[in-house]
Amino acid sequence: MTGPDDSPRPPAGASERRGGGIAARALAARGGPPARSVEAGYLTGLNPEQRQAVETTEGPVLVLAGAGTGKTRVLTTRIAHILASRLAYPSQILAVTFTNKAAREMKTRIGLFVGGEVEGMPWLGTFHSIGVKMLRRHAELVGLKSNFTILDTDDQIRLIKQLIQAEGLDDKRWPARAFAQMIDGWKNKGLTPKDIPEGDARAFANGKGRELYAAYQARLTSLNAADFGDLLMHPIAIFRAHPDVLADYHNRFRYILVDEYQDTNVAQYLWLRLLAQRSRRTGDDMEEPINVCCVGDDDQSIYGWRGAEVDNILRFERDFPGATVIRLERNYRSTAHILGAASHLIAHNEDRLGKTLFTDAGIDPEHEKVEVNAAWDSEEEARAVGEEIEQLQRKGAKLNDMAILVRASFQMREFEDRFVTLGLNYRVVGGPRFYERQEIRDALAYFRCVAQPADDLAFERIVNVPKRGLGDSTVRLLHDHARENGIPLMAAAADLATTEELKAKPRRTLDDLTRNFARWSSLLPTTKHTDLAEMILEESGYTEMWQNDRSAEAPGRLDNLKELIRSMDLYESLPGFLEHVALVMDAEQNVDLDAVSIMTLHSAKGLEFETVFLPGWEEGLFPHQRSLDEGGRSGLEEERRLAYVGITRAKRRAKLWFVSNRRIHGLWQSTIPSRFLDELPEDHVEVKEASNSYGGYGRGGMGGYGASRWDADAFSTTSYQTPGWRRAQAARAGQTAPDTAWGSRSGHKERSINYGESGASGPDVRRSSRDEEIAAKADRYARESEAKATGRPAEGPANGFAGRMERSGRNVYEPSSGNGRGSNRPPSRGLGFNAAARDGGPREIEGTLVAKSVATEESRFKVGDRVFHMKFGNGSVAAVEGNKLTIDFDRAGQKRVLEGFVQVV
DNA sequence: AACTGAAGCGTTTTT
DNA sequence: CGCTTCAGTT
């Protein structure tokens, strides 16, 4: 099975053809003049270390690249250099990244060097996408066909659940999800069923862990399917069992580059080592090493929990003897304050190779120190951050240059709520993924059934979606029949439609359904895939199902389906598209819109922003209690690296926050500032007065308005030696684990979020009680797409309503403010935090806010107006509050929306 | 087969 | 606290 890209076999070596030969390359490796006579333009502007990393093309190279030291630039320039020096064909370079984003960026940037010919780099991609590519070429060696399907987590869990039940085990006591995660963990470590430790095997399913794992693998094979982990496991198995295949790759790849090496797990490491560690046999029978270059930063290793082994990077020199190690320590991103703070923090870690970042930019009095801010609770934190953002915006800053980086995704909500209220554009990066939405998965399941009628899991998913009266009992019959005859469910369905086994009604339905699928499949070769896709959704009744759905999300889902079909246009065929979807679970974001980014610290790695807000620096949350409990010291160190990553995302401003009260599991807990705050150097840090809504404006040297938790001297000095701080420290010292909610759970069973879907057999789709929120977000999406369509920014900066709305809510928590979730406030303020409330707060702030309110126009809507909304259709206005309208929609029910999104009919 | 209420469950990070 | 899942009911 040869793939489409049978690139030219490497001849005796591309360079030899140019008369360069190994010697010439070795010369270049010693830093001598490059093979080209003219100094290549792409080399200018590199510092000496970067340049060395680019030009040391021969032999193993490890580049330890600190944050902001131009890692991506080195990587891409190195590839460009290899290509420009004709050391290898594009197809002879294997370049592996971790994320699709990184792969995309590399492609783009290499394209800039090479002049757009990115297609010529067939082996640049993520571990997984390259894994699939290899697996498709040799699938039969592990008992698969080359058109195998890739399971998503959902399919995986359903399948495991079936197996658990088949074993006669209690699927409540042994949850499928937990086992899916165990399997994942094993595969991350490169362990097949027979390799797993006895203890692990016993830990699940009354000691049947190993059997279950084996059964799962067998089932995958019979389904002609692979899960994510298999995309690496199978190639490893193939390489080991078939030296000829491996030799072929050895022969093919002249250069191997790996990005983010500190994040590789054992399986990836094994895969890589198989490919890179042997010598390559050249035509004239000489041994020539494959040139491997790994780039990484041990200080940014934050995926240990997922099986990443920092050891891989520490072990590099042993794995590849004679390796050149290059350190990139010159930081081009951040100010000296930010760098100083981050470096000082990370120096508290023991397990590191040790790098010292420096910058040429000296300490500039204009540069802001890293800020530490306090807030009473998370709501106030969000409010204050929102105000800071608006302030920056007023000074001309762009929202695109700001980001809020949180430890855990539940923190995002507060900010989203707040920004919706403010009318501040935001974008959640890495949130619920497009392809994980229910309607998208359903649609994809239809497509999979058409492209591959043997895809049982897809079939199962949609037999009764929309409801056709094919319930559990019918499906069970199908299963039995399929099993007895060793045929796929689709075929079984076709069979049963012709026999007497079923009652007339389901038989009829089944007959219709299978005929439809047969017809769609037959159209596959002749019909344009986007048209076919549309036809499938239309004729299956799937579109209609959502059209008839009166819930708030339905219109959005229909939009998503349209978007799905639109995006298919970029791909050549249905199978091609399905492959893309399986591997690339994220959808590109709309970058045209000026918006604040909200994301987790993990997904922020590799990005940079002028201003970074880092909320939630509290013990238990950050560092996360669970990391502490499960990971001990190394867990703490990983958290610290996460903090380091967070701070180093900032170019000019890093603003840290902690709150005194946070709601966890619906309960208010009082919290303690993160130990990481203590670990910051005073020189580069400014501790701010509680920057809540009543104290937040009068910053810096201002006299201070009354005692506060931080006390007056906290204003003028940037010291931690304040009573409040000491109190917090004392509290922490006395009580390590903050509280029950975080502490006591013995760690097992983690859950990922399931987006409101019941399983395959549970067709009743219930209304989520998050309708309101989703509706609010729907507004945002509407705005985004509108902005996209009209080509102009959706709306200017936040209008002046922010202040007014906060008015009454500022010092006192008002039970019914916001969206009806006003109950259950934290206890009344203590700790002298109320200082500003005593005298009503600083005057000029009041002034500002009042001015803001006055400047606002009267709403152009009034109660009773008939209006139209892009998502919710027609309705009548039930209430007006500022720019927010409560509208009774004819179809979608009552919603609160911003007036910008509706128009008078 | 589909709907409903009620109980119980988990609440970090994701290719 | 909010959400998912289950079990019992129609």
Side-chain angles (χ1 to χ4, degrees), chain A residues 96-103 125-132 150 152-153 161 171-172 175 177-178 181 184 187-188 227-229 231-232 260 263-265 267-268 302-308 405-413 430-431 433 436 464 467-475 505-506 582-586 599-605 616 620-631 635 638-639 641-642 645-646 663-668 741-742 745 747-759 761-770 773 821 823-824:
Chain A
V96 212
T97 65
F98 248 83
T99 64
N100 295 297
K101 213 195 305 172
T126 61
F127 278 99
H128 296 276
S129 64
I130 289 171
V132 196
I150 302 165
D152 62 34
T153 329
K161 192 164 192 170
D171 61 344
K172 288 189 77 172
R177 281 165 180 279
Q181 267 158 7
D184 238 36
K187 291 190 175 177
N188 282 338
D227 68 14
F228 245 52
L231 302 182
L232 285 173
E260 306 280 17
D263 285 338
T264 48
N265 61 34
Q268 287 155 340
I302 54 176
Y303 284 107
W305 51 274
R306 204 174 70 182
L405 310 182
V406 297
R407 176 62 182 83
S409 46
F410 73 82
Q411 294 173 261
M412 293 182 181
R413 223 185 230 181
R433 320 268 193 92
E436 278 172 10
N464 203 30
K467 297 194 169 73
R468 307 186 164 88
L470 298 171
D472 284 349
S473 49
T474 315
V475 172
K505 228 185 329 160
L583 292 172
V584 182
M585 291 299 285
D586 60 344
M599 67 186 98
T600 63
L601 287 160
H602 283 87
S603 39
K605 195 169 68 163
L621 177 59
F622 193 29
H624 199 282
Q625 191 59 46
R626 195 151 163 182
S627 303
L628 265 30
D629 291 347
E630 289 172 17
E638 180 152 318
E639 294 286 303
R641 291 194 290 269
L642 206 45
V645 167
R663 192 164 59 176
I664 294 147
H665 305 187
L667 296 171
W668 284 99
W742 294 92
R745 284 242 159 269
H748 53 134
K749 256 199 230 172
E750 315 168 41
R751 204 68 328 128
S752 55
I753 308 152
N754 212 355
Y755 297 93
E757 287 177 72
S758 14
S761 55
D764 70 313
V765 179
R766 284 205 213 174
R767 287 302 87 70
S768 151
S769 59
R770 284 173 57 196
E773 283 169 348
R821 303 190 297 113
S823 61
N824 197 359

For [X] and [Y], work out which heavy atoms get closest and say how close.
{"X": "A:T97", "Y": "A:A102", "result": "CB-CB, 3.9 Å"}
{"X": "A:I302", "Y": "A:K605", "result": "CD1-CD, 3.9 Å"}
{"X": "A:A604", "Y": "A:L405", "result": "CB-CD2, 3.7 Å"}
{"X": "A:F127", "Y": "A:T264", "result": "CZ-CG2, 3.7 Å"}
{"X": "A:H602", "Y": "A:W305", "result": "NE2-NE1, 3.4 Å"}
{"X": "A:L621", "Y": "A:A408", "result": "CD1-CB, 4.2 Å"}

Whole angstrom value for the distance that separates [atom2] of [N] from [atom1] of [X]:
{"X": "A:R407", "N": "B:dT14", "atom1": "CZ", "atom2": "C1'", "value": "12 Å"}
{"X": "A:D629", "N": "B:dT13", "atom1": "CG", "atom2": "P", "value": "16 Å"}
{"X": "A:K605", "N": "B:dT13", "atom1": "NZ", "atom2": "C1'", "value": "11 Å"}
{"X": "A:D227", "N": "B:dT15", "atom1": "CG", "atom2": "P", "value": "16 Å"}
{"X": "A:D152", "N": "B:dT14", "atom1": "CG", "atom2": "P", "value": "17 Å"}
{"X": "A:K505", "N": "B:dA1", "atom1": "NZ", "atom2": "C1'", "value": "9 Å"}
{"X": "A:R177", "N": "B:dG8", "atom1": "CZ", "atom2": "P", "value": "20 Å"}
{"X": "A:L232", "N": "B:dT14", "atom1": "CG", "atom2": "P", "value": "19 Å"}

Students often get this wrong, so: under 4.0 angstrom with heavy atoms, is [X] touching a base, only sugar-phosphate, or nothing?
{"X": "A:L642", "value": "nothing"}
{"X": "A:S473", "value": "sugar-phosphate"}
{"X": "A:Y303", "value": "sugar-phosphate"}

- By nearest nucleotide on DNA chain B, pick out whichever of A:S603 and A:T474 is the more 5' one. A:T474
- Message: Roughly how many Å apart are C:dT4 and B:dT13, using the P atom of each and rounding to a whole number?
- Response: 15 Å
- Does the B:dT13 base have a donor-acceptor partner in the side chain of A:R306 within less than 3.5 Å? no
Name the closest nucleotide to the [X] side chain, picking from [options].
{"X": "A:H602", "options": "B:dT14, B:dT15, B:dC3", "answer": "B:dT14"}
{"X": "A:F228", "options": "B:dT15, B:dA2, B:dT12", "answer": "B:dT15"}
{"X": "A:E630", "options": "B:dT12, C:dC3, B:dT13", "answer": "B:dT12"}
{"X": "A:R626", "options": "B:dT14, C:dC6, B:dT12", "answer": "B:dT12"}
{"X": "A:W305", "options": "B:dA1, B:dT14, B:dA2", "answer": "B:dT14"}
{"X": "A:K467", "options": "B:dT12, B:dT15, B:dC3", "answer": "B:dC3"}

- Any A:N188 side-chain N or O less than 4.0 Å from OP1/OP2 of B:dT14: no
- Query: Can a side chain N or O of A:T600 be found less than 4.0 Å away from OP1 or OP2 on B:dT12?
  - Reply: no
